2 protein chains.
Amino acid sequence: MLIFTEINISKGLYLRDPLQTELGRKIISCGIELIEELGFEKFTFGKLSKKMNSNEPSIYRYFENKHLLLLYLVVWYWNWVMYLIDYNTKNIEDPKKKLRIIIQNFVDATIENPGVAFVNEKKLHSIIIMEGSKAYHTKSVDNENKEGFFKSYKALNQKVADVILEIDPSFPYPHSLASNLFETANNQIFFAEHLPKLTDLKVKSKNYSEVVELIRLFASRMLKTEI
Amino acid sequence: MLIFTEINISKGLYLRDPLQTELGRKIISCGIELIEELGFEKFTFGKLSKKMNSNEPSIYRYFENKHLLLLYLVVWYWNWVMYLIDYNTKNIEDPKKKLRIIIQNFVDATIENPGVAFVNEKKLHSIIIMEGSKAYHTKSVDNENKEGFFKSYKALNQKVADVILEIDPSFPYPHSLASNLFETANNQIFFAEHLPKLTDLKVKSKNYSEVVELIRLFASRMLKTEI
DNA sequence: TTATAAATATTAGTAATACTAACATTTATA
DNA sequence: TATAAATGTTAGTATTACTAATATTTATAA
């Protein structure tokens, strides 16, 4: 069995590794709770420190600012999805079956058994849906890309692109399709929950089965074969 | 010829209609310049007032906060794309041809002739690519939806969904495909410009022809007919 | 066990942001 | 010319996004 580790998180993302200490793990767990509750704009390190019964300077010793904490969580999520895909596609040869599993894990990386005690995967998933794109839609994205902060997303994307090419080696846009399936999954869930006129899906109480069906149909038609 | 007006912008979005005064139009034009330059996080009304040689309280008489100014610009963009589509698909019967024109206008709503003197469409387009999704990925989205702030996006989406259904009346996800084509266009441009490993496209100096090709292939395969 | 280092907490501070109130001045309109 | 509307000016508050300095607690090593 694979072990889920965070060795893929770039050093530069944090000042002190939050996984190594109790306080660091509390920043992650309470940070997830509070960002999910308040939304990223209203979330501050001051409020987080109160929730943790700690203090602002201690948090600043771990993360330079709240943007890098969000990015850390998003990178964590990408690693978590990568782990789930690796784990669930192990020993599976059929690339179509692999893509089916990938889609399932794209849509709902929360139904799997708990990964790490201090990470609430359901709330992390909510943060990805609501705040995820803010982690890279910033003026600093190019510098952060140079620092290697997005290599998890790229690795995940490359893995999916490879499966796409296994299914159809002549498909001209494997990377675009891979990122599109991932982004579309998150986006259509957001629309279903907040702007339902922009989608045909119904999502009731976090039941994402219709989303899986949609993404499978998208993938099937794009690759001209039943996924 | 159609006239591009802003009657579709909900009253609640602003405190005083910026189109009615010189100062209001300056808020829009300088706001576009400055958000594009600084990014939305670093953009403040204080900086904007200095750029305009005006003052903060005057800006606050038009917009409650910078989030609503961004949303105003995004709604403007949706209306602008809607206008372009209406204008360019006028008297065209063939729904496939209509969808082709829609895709062209999704990808690049800037190559058309200038709409309104005080709006720099190229910079507005850059803002949409970089900051657009922040206009609705907030905790206030449900309230703002109730206020009708997203009716422009819904109307645009419905128009495209109708064309999709003209092409294939049995297609099960017309609204999802419509929103997906729009979001994918913006997203793949962002990736091409900032995280190129996540796409197969090359975008050099704002030449989006490859993006149009990609979206056309996506649409063609989804609808099982050459668009 | 004690010495020492490392981590955390406390206090206090600054500059910037996100506003609001009160009032003065300019500009438009009746 | 009177009046209202719009804009400008000044001044203020609460919050945010940090940082510095120092005290205290906790872990580890001699």
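If you're wondering where the values come from, they're calculated on a predicted model, not measured in any experiment. In what follows, chains carry the letters A, B, and so on, assigned in the order in which the sequence lines appear, proteins first and then strands, with residues in each chain numbered from 1.
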Please name all residues satisfying side-chain hydrogen bond (donor to acceptor under 3.5 Å, both in side chains) with [X], sequence neighbours left out, ordered by chain then number.
{"X": "Lys66(B)", "result": "none"}
{"X": "Asn186(A)", "result": "none"}
{"X": "Asn55(B)", "result": "Ser58(B)"}

Steps toward side-chain contact (heavy atoms from CB on, under 4.5 Å) verdict (His175(A), Gln158(A)): CA-CA 7 Å; His175(A) 298 87; Gln158(A) 186 60 53; 2.9 Å; yes
Nearest-neighbour nucleotide for the Arg61(B) side chain, dT10(C), dT8(C), dC23(C) considered: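 Looking only at heavy atoms from C-beta outward on Arg61(B), the closest nucleotide is dC23(C).
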Closest to the Arg16(A) side chain, choosing from dT8(C), dA9(C), dA18(C):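 My answer, after comparing the listed nucleotides, is dT8(C).
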Any donor-acceptor N or O pair under 3.5 Å, side chains Asn53(A), Lys26(A):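 There is no such pair (donor and acceptor under 3.5 Å, judged by atom type) between the side chains of Asn53(A) and Lys26(A).
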Salt bridge present between Lys11(B) and Asp17(B) (N-O < 4.0 angstrom):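 Salt bridge absent between Lys11(B) and Asp17(B).
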What's touching nucleotides 19-21 of chain C from the protein side, N or O pairs under 3.5 Å?
residue	atom	partner	partner atom	Å
dC19(C)	O5'	Tyr60(B)	OH	3.1

With sequence neighbours excluded, residues passing ring-ring contact (aromatic ring centres under 6.0 Å, His included) with Phe45(A):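 Only Tyr60(A) meet the ring-ring contact (aromatic ring centres under 6.0 Å, His included) criterion with Phe45(A).
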Touch class at under 4.0 angstrom, heavy-atom based, for Tyr62(A) against every strand present: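 Result for Tyr62(A) = sugar-phosphate.
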Sugar-phosphate only, base, or nothing, as touched by Lys47(A) at under 4.0 Å among non-hydrogen atoms: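 Sugar-phosphate, backbone atoms only, no base.
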Contact boundaries on DNA chain D for chain A, cut-off under 4.0 Å to non-hydrogen atoms: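 Nucleotide range with atoms under 4.0 Å of chain A: dT16(D) to dA20(D).
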Length of the CG-P vector between Asn55(A) and dA12(C), whole Å: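 Spelled out: CG on Asn55(A) to P on dA12(C) is 14 Å.
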Heavy-atom closest pair, residues Ala109(A) and Glu121(A):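 Scanning both residues completely, I find the closest heavy atoms to be O-CB, 4.4 Å.
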For dA30(C), the Watson-Crick or wobble counterpart (both distances under 3.5 Å):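 Partner of dA30(C): dT1(D).
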